[in-house]
Amino acid sequence: MTYAAERLLEEVAYVAYHFHWPRAEILDLEHHERQRWVREIARINTRMNEGR
């Protein structure tokens with residue numbers, strides 16, 4: 001099964017935007033690890049938006 005190219009692009013852009021990591025480094029992450037970073041960034045953003 002292949003991972004949707006559009007979803008991969010969204011994940012790479014999201015991590016790169018928030019953490020300023022280079023694209024190649026993000027693409028080198030395993031799928032599950034990249035998704036874990038996406039969830040962590042979302043959690044950080046939620047906490048910041050709630051003022052915690």
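Source: prediction; values computed, not measured.
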Residues R43, E40: salt bridge by 4.0 Å N-O rule: yes
Y14 and L9, any side-chain heavy atoms less than 4.5 Å apart: no
Qualifying residues under side-chain hydrogen bond (donor to acceptor under 3.5 Å, both in side chains), relative to R39, sequence neighbours excluded: none
Salt bridge (Lys or Arg N to Asp or Glu O under 4.0 Å) pairs, two or more places apart, involving residues 11-20: R7-E11, E11-R34
Considering only distance and modelled atom types, tabulate donor-acceptor pairs under 3.5 Å from the side chains of residues 18-31, sequence neighbours left out.
{"residue": "H31", "atom": "NE2", "partner": "Q35", "partner atom": "OE1", "Å": "3.2"}

For E33, all residues meeting salt bridge (charged side-chain N to carboxylate O under 4.0 Å, His left out), sequence neighbours excluded: none
